Structure formats: structure tokens, C-alpha cells
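What follows is a set of notes on a single structure, which appears directly below.
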Amino acid sequence: MTTKPARTRFAPSPTGHLHLGGARTALYAYLLARKTGGQFILRIEDTDMKRTVAGAEQEIIDGLHWLGLNYDEGPDIGGKYGPYRQTERREIYAHHAKILVDSGHAYPCFCTPERLDKVRQEQMQRKENPHYDGTCRILSPDDAARRVANGEPHTIRFKMPYEGSTVAHDHLRGDIVTENKQLNDQVVLKTDGLPTYHLAAMVDDHEMQITHVVRGSEWLGTFPLHVNIVRAFGWEEPIWVHLSVFLKPSGKGKLSKRDSADAIKDDHSFFIKDLDGLGFIPEGVINWVALMGWGVAEDDVMTINQMVERFTIDSLTPSPAAINFQRLDHFNATHIRLLTTEDLAARLKPYFTREGLVVDDAVLLKIIPLIRERLTTLDDCIAFGAFFFQKNVTPTPEDLIAKGLDAKQSLDIAKKSYEILSSLSSIDHATAEPPMRAYVEESGLSVNQVFGFLRVASTGQKVSPPLFESMEIIGREKCLQRIKNAVEILEKM
RNA sequence: GCCCCCAUCGUCUAGUGGCCCAGGACGAAGCCCUCUCAAGGCUUAAACCGGGAUUCGAAUUCCCGUGGGGGCACCA
């Protein structure tokens with residue numbers, strides 16, 4: 001397949017957190033660019049100054065980097081088609097709005113928001129579709145130009161044809177035909193001189209030579225407007241790819257604030273910024289997100305580079321997808337297991353130190369093989385490995401009592417275990433396990449009863465990595481001391 | 001209300017007229033392995049929204065319903 005290099009872009013508004021939907025849009029744009037040897041661009045669409053949130057742009061940048069979606073051009077790194085922040089491109093839009101007015105594709109509108117509101121109310125009362133009533137559309141150009149020159153506040157509206165229909169082609173859905181009478185004369189340049197999305201995005205995509213516009217399906221409604229704007233300029237259209245939306249985990253309806261709260265309660269999140277702290281790794285998140293809307297028949301565990309190899313926009317699906325956090329857990333765990341020991345160790349360390357534990361790097365490296373396949377999220381390392389770094393463990397006394405036995409019988413196990421283990425010069429698993437098994441044999445006790453006690457005594461918990469391997473890492477002295485401690489607890493019961 | 005989009009196991013999906021009594025993955029259930037918990041191996045249950053039409057033949061094409069989603073701003 002010979003595909004020309006694609007220039008794609010991710011163009012979010014800095015109005016809130018970078019979420020899963022945005023991450024997926026960015027990912028597909030990224031994959032397409034990398035697959036074809038093109039460029040992936042970050043553009044910040046901050047033309048609605050009222051909604052711009054401080055710090056949101058940085059969060060987007062950080063999120064993209066964390067996910068590994070590095071862009072070739074963007075507001076923080078520049079590029080030959082900059083600036084990449086729309087508020088810094090004011091003149092470009094004003095210039096293009098003027099072109100539209102001069103060519104008869106747009107006109108100044110002097111209607112006040114109040115009047116517009118009133119018109120809309122009346123239309124709704126009459127059960128008509130709310131739409132601009134065209135008052136300023138019929139003004140004579142000279143008259144309008146005079147009023148503009150006088151400094152009268154105005155917007156610029158795009159003139160939609162009243163008759164015929166607009167055919168817009170979406171790569172995933174085919175031709176989308178809309179009767180032009182359904183369309184509205186939308187504002188493309190606001191009173192404050194800044195453009196609305198419709199103008200800004202079309203101008204930028206053209207100026208930045210974007211070949212494929214990958215965006216959310218919320219733009220499908222204004223899609224006809226957009227192609228009309230592009231055509232009014234006489235520009236070549238990009239290939240349009242409208243992605244599906246994400247549905248709430250139940251599959252019923254779109255994501256809400258409430259769902260977001262539920263996700264957090266469940267130790268998951270829709271926001272990229274939260275994922276790291278929850279123990280998710282970018283490899284897992286990316287793999288998971290990629291598969292919501294991209295049909296991969298088999299072998300769906302992929303690194304981002306494998307995704308680049310396999311990606312094609314033809315295999316994207318247009319139907320909405322429900323968020324499924326169980327799958328995130330699965331992909332996260334799977335990718336954790338794929339990490340090298342050194343890599344995993346480095347990623348785990350912050351989670352231990354976050355708990356106030358002092359981490360011995362040599363010990364950390366040793367416990368990785370023991371806990372790796374037990375981790376769903378990185379922070380699970382605390383549950384499976386904190387005891388390696390603690391001075392003492394404090395088992396729940398009841399847990400020391402072996403299943404089906406009483407305190408006295410458990411005390412016997414404890415004393416005998418101590419006797420056996422203390423007689424060994426080392427308790428690496430190869431030397432410690434055989435005599436303990438022999439003891440199980442001759443005592444008539446079950447493996448679970450004896451090993452269970454030992455597990456609780458030496459790790460402080462009922463669930464742990466393999467017992468003898470763990471004891472070996474804990475070390476002879478510490479183990480004996482912990483067992484002795486268990487003997488004392490049992491004696492008091 | 002009007003317009004647009006979507007529709008395969010519970011979920012994500014493969015499937016582009018015969019290879020499909022529909023394949024994979026998550027989840028579920030069972031078995032094996034096993035010092036706990038995992039991981040791993042094997043197995044099972046589980047779907048073409050409904051109705052018409054086209055065709056020798058439809059999950060795949062068309063129409064009508066139904067359901068879900070999105071849009072109808074000087075927000076993106």
C-alpha cells in the first residue's frame with residue numbers, strides 16, 4: 001500500500017481535563033501520521049476565552065506525553081505552520097472572514113444577542129426549528145460595509161444556500177446528504193473578533209496542510225457547514241473521519257459527571273491525569289483505548305509501535321462504544337507482565353516510597369519476578385510487597401491460627417517451624433522448603449496449615465507471593481525474628 | 001419538535017452475498033496446575049434488534065419500524 005504521508009492534528013479546547021475520548025482521538029491521529037510517515041500536530045483551540053481554564057493546556061500536553069503520543073508541531077515546541085494556539089492567530093481568521101464577505105459567502109450581522117434570543121423563543125413557541133431569521137443577510141453590502149466602518153458591533157455569518165443539498169463525505173459513513181434548508185447561517189466571527197470553531201478549524205486545517213481530520217462525531221451536525229466553508233474558499237477538502245462517542249459503562253447513554261464519580265470510587269477514571277496515580281501504565285491505557293472503536297480481529301495485545309504497523313482508518317468503527325474498565329485492568333496487567341524487570345522496578349519504586357517505605361534497590365529487583373504476574377495496577381505492589389521493606393510485620397493474631405486447628409496446635413507448629421528453620425544456616429528456598437515439607441509429612445498436618453502459618457508469620461498477611469522465595473528475600477534473621485514474634489503472640493492466646 | 005448518525009455474545013469487536021449451525025478478546029462458569037493469591041493450560045455458556053424486499057443464497061444490499069447516540073449557540 002502506497003499511502004502519502006498524512007498530516008493529522010489533535011485540536012482540543014483547553015476547557016477541562018484531557019479525557020479518554022480525547023486520548024483516543026489523539027491516538028488515532030497519531031497512528032495515522034506515524035503509519036504514513038507524516039506529522040502529528042497539537043493545536044490548541046482556545047477561541048472561547050470565557051471557557052478557557054488555566055492549566056488545561058498544560059494538562060493536555062502532559063497527558064499526551066504520558067501516553068507517548070508525541071507531536072511534531074505544537075504550541076510549546078513550535079513548527080513551521082505556527083502559531084499553534086488559535087488566540088494567537090486572530091489576524092489570520094479576520095483576513096479569511098473578509099475573504100468570505102468579499103466573495104459573497106458571508107455577511108456582517110448586527111443583530112444583538114437579545115434579539116436573537118427573542119427570535120429563537122418565538123420560533124420555538126411556533127414549533128419551528130430555531131434558526132437565524134436572515135435579517136442581516138438581506139442588507140445591502142454597501143450599507144453593511146458602512147455600518148462596519150462606523151464601528152458598529154457585529155458578527156460575520158456564513159451564508160448557507162437556501163436550496164439544494166450539501167453532500168459531505170465521511171470516510172467511515174460515506175456520503176452524508178443534508179437539505180440546505182435545514183442549515184443555518186452560522187456565526188463564524190464573533191463580536192470580539194475571534195472566530196468560532198467553524199471558521200478557525202477550517203482555516204487552520206487548511207493553513208497547516210492537514211490531510212486527515214480525525215475528530216469526534218459531535219461534529220457531524222455541523223459537518224455540512226464545514227464543507228461549505230472549505231468549498232467557499234475553493235480549498236481541497238481533507239479526508240474526514242468522525243469517530244464514535246464513548247458511552248457510560250452500562251452502555252446506556254453518554255458519560256456524565258455521575259459516571260465520572262462512580263469511576264473514581266471504583267479506582268478508575270475517565271481523566272488521563274488520574275491514571276498514573278491509580279497505577280495504570282500508558283502501554284495498557286493506550287492499548288485499551290485503541291480497541292474501543294478499532295476492530296482488530298485477533299492478537300489484540302499491542303505496543304504502540306505494533307499499533308502503528310497495523311493501523312488503518314478503514315478498520316475504525318462508527319458505532320458508539322461503552323467504556324469497560326475491566327478490560328483496562330486486563331490490558332494494564334498484561335502490559336505490566338511484558339515489562340522488563342528493571343523497567344518494572346523503576347516504575348514501582350514511587351508507589352513504595354509514596355507509602356513511606358524505604359526501598360532497597362537490590363531487594364526491589366529481587367521481588368519483581370515474585371510479584372509481577374500478581375499486579376493488575378502498579379499500586380498493587382503495596383499489597384504484595386510492602387512487607388519486604390518493613391522492619392516488622394504485625395499479623396492479626398487470628399490469622400496465625402491454622403485452618404481447622406486451635407491456638408495451642410498452631411503454637412506447636414510455630415515452635416517446630418522455628419526449630420527447623422533456626423537450625424539451618426540459610427533459608428534460601430532450596431534449603432528451607434525440603435525440611436519443612438518433611439515436617440508436614442511426619443506431623444500429619446496439611447501443607448496449607450503449616451505453610452499458611454509461616455506465611456502469616458513472616459509476611460504478616462494471608463495472601464502473599466510464593467512463601468519460600470519470599471522468605472529467602474526477607475532473610476534468615478528477619479524471618480526467624482518474625483516467627484519468634486508469632487510464637488509469642490500465640491502463647492498469649 | 002426537526003435534522004443527522006449508529007445497530008453482531010453482558011462488553012469491545014471480526015465479518016463487505018455462499019468459507020458463518022458466526023471467529024477473537026474482556027468478563028462469567030468448570031477442570032487442570034498449585035504453599036495462599038495470581039499467572040498459565042484446557043473446556044463451557046453466551047450474539048447477527050424486529051418486519052418486509054432483492055437473490056438460487058443475506059449478519060452482509062434496499063425499505064419500514066424500533067432502540068440508542070449526536071446536533072439544532074456570538075461553545076467547542
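Every chain is numbered from 1 and lettered A, B, ... according to where its sequence line falls, protein lines coming before strand lines. Computation of the quantities below employed the complete heavy-atom set of this structure, encompassing side-chain atoms and omitting hydrogens, waters and symmetry-equivalent molecules. Every value quoted in this text rests on a predicted model; they were computed, and no experiment measured them.
For the pair A:F325 CZ and B:C26 P, the interatomic distance rounds to 19 Å; values are reported in whole Å. Between the C1' atom of B:A73 and the CZ atom of A:R51 lies a distance of 11 Å, rounded to the nearest Å. Here B:G71 presents its C1' atom at 11 Å from NE2 of A:H198, a figure rounded to the nearest Å. For A:L225 and B:C4, the CG to P distance is 16 Å, given to the nearest whole Å. Atom C1' of nucleotide B:C3 and atom CD of A:E218 are separated by 17 Å, given to the nearest angstrom. In this structure, A:D300 atom CG and B:C26 atom P are separated by 7 Å, rounded to whole Å. Distance, A:L183 CG to B:G71 P: 16 Å, rounded to whole Å. Atom pair A:Y132:OH and B:A73:C1' shows a separation of 14 Å (rounding to whole Å applied).
Distance from the side chain of A:E373 is smallest to B:A39 among B:A39, B:C75, B:A76. Between B:C2, B:C75, B:C26, one nucleotide has an atom nearer to the side chain of A:K190 than all others, and that is B:C75. Distances were taken from every side-chain heavy atom of A:R327 (C-beta onward) to each of B:C75, B:A25, B:C3; the shortest belongs to B:A25. Counting only heavy atoms from C-beta on, A:N324 has its side chain closest to B:C26 among B:C72, B:C3, B:C26. Checked against B:A76, B:C35, B:U36, the side chain of A:S464 finds its nearest nucleotide in B:U36. Closest to the side chain of A:L291, from the set B:C26, B:A76, B:C12, is B:C12. Listed candidates were B:A76, B:C6, B:A73. Nearest to the side chain of A:D48 is B:A76. Among the nucleotides B:C35, B:C26, B:A14, the one closest to any side-chain atom of A:V447 is B:C35. Looking at the side chain of A:R120, the nearest of the listed nucleotides B:C5, B:A73, B:A76 is B:A73.
Here A:G452 lies out of heavy-atom contact (under 4.0 Å) with every strand. No engagement by A:P14 is indicated, since no non-hydrogen atom pair under 4.0 Å with the nucleic acid exists. Contact annotation for A:L194: no contact, since no heavy-atom pair falls under 4.0 Å across all strands. Looking at heavy-atom distances under 4.0 Å, A:G293 makes contact with sugar-phosphate atoms alone, never a base. Residue A:N129 is classed as a base contact, given a heavy-atom separation below 4.0 Å to a base. Looking at heavy-atom distances under 4.0 Å, A:P12 makes no contact with the nucleic acid at all. At the heavy-atom level, A:E469 lies under 4.0 Å from base atoms of the strands shown. Using a 4.0 Å heavy-atom cutoff across all strands shown, A:V463 reaches at least one base atom of the nucleic acid. As judged by a 4.0 angstrom heavy-atom cut-off over every strand, A:I176 is placed among residues touching the sugar-phosphate backbone only. At a threshold of 4.0 angstrom between heavy atoms, the contacts of A:S319 are confined to the sugar-phosphate backbone, with no base atom among them. Within the 4.0 angstrom heavy-atom criterion, base atoms lie near A:P465. A:T47 comes within 4.0 angstrom of the backbone, heavy atoms only, and of no base. No contact: A:C109 has no heavy atom under 4.0 Å from any strand. Within 4.0 Å (heavy atoms only), A:P113 reaches at least one base atom of the nucleic acid.
In a base pair of the Watson-Crick type (N1 to N3 plus N6-O4 or O6-N4) or a G-U wobble (N1-O2 and O6-N3), with each distance short of 3.5 Å, B:C35 is matched with no nucleotide. Pairing for B:U54 is absent, judged as Watson-Crick or G-U wobble with the two contacts each under 3.5 Å. As the counterpart of B:C26, B:G10 is assigned, both hydrogen-bonding distances of the Watson-Crick or G-U wobble pattern falling under 3.5 Å. As the counterpart of B:C2, B:G71 is assigned, both hydrogen-bonding distances of the Watson-Crick or G-U wobble pattern falling under 3.5 Å. Across all strands shown, B:C19 forms no Watson-Crick or G-U wobble pair with both key distances under 3.5 Å.
The side chain of A:R374 contributes no N or O atom lying less than 4.0 Å from OP1 or OP2 of B:U36. Phosphate contact (OP1/OP2 of B:C2, side-chain N/O of A:K181, threshold under 4.0 Å): absent. Dashed line: the shortest gap from a side-chain N or O of A:R437 to OP1 or OP2 of B:C35 is under 4.0 Å. Contact between the side-chain N/O atoms of A:R157 and the OP1/OP2 oxygens of B:C74 is found at a separation under 4.0 Å. Close to B:C5, at under 4.0 Å from its OP1 or OP2, lies no side-chain N or O of A:S217. For A:K403 and B:C35, the shortest distance from a side-chain N or O to OP1 or OP2 is not below 4.0 Å.
Put simply, CD on A:Q390 and NZ on A:K478 are 8.5 Å apart, with the number rounded to the nearest 0.5 Å. A:T303 OG1 to A:E309 CD: the interatomic distance, rounded to the nearest 0.5 Å, is 7.5 Å.
Counting distance only, with no hydrogens placed and no angle test, the side-chain atoms of A:R455 and the base atoms of B:C35 include a donor-acceptor pair under 3.5 Å. At a cut-off of 3.5 angstrom, counting only N and O atoms as typed in the model, there is a donor on one side and an acceptor on the other between the side-chain of A:T191 and the base of B:C74.
Of the possible polar contacts, none joining the A:H335 side chain to the A:N287 backbone as a donor-acceptor pair under 3.5 Å is found. Panel note: side chain A:R89, backbone A:P83; a donor-acceptor pair is recorded below 3.5 Å. Looking at A:E59, its side chain does come within 3.5 Å of a backbone N or O of A:L18 through a donor-acceptor pair.
Ion pair A:R43/A:E207 not flagged as a salt bridge, since none of the NZ, NE, NH1 or NH2 atoms sits closer than 4.0 Å to an Asp/Glu carboxylate oxygen.
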Kindly determine whether A:D329 and A:T376 satisfy side-chain hydrogen bond (donor to acceptor under 3.5 Å, both in side chains), including the steps that lead there. CA-CA 6 Å; A:D329 290 346; A:T376 296; over 6 Å; no
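Straight-line distance between the P atoms of B:A46 and B:A22: roughly 10 Å, to the nearest whole Å.
Under 3.5 Å, the side chains of A:N228 and A:T166 contain a donor-acceptor pair of N or O atoms.
In terms of position on RNA chain B, the residue among A:A11 and A:L247 whose nearest nucleotide sits closer to the 5' end is A:L247. Between A:T155 and A:A321, it is A:A321 whose nearest contact on RNA chain B lies nearer the 5' terminus.
A:D117 pairs in a side-chain hydrogen bond (donor to acceptor under 3.5 Å, both in side chains) with only one of the listed residues (A:Q121, A:R115, A:R120), which is A:R120.
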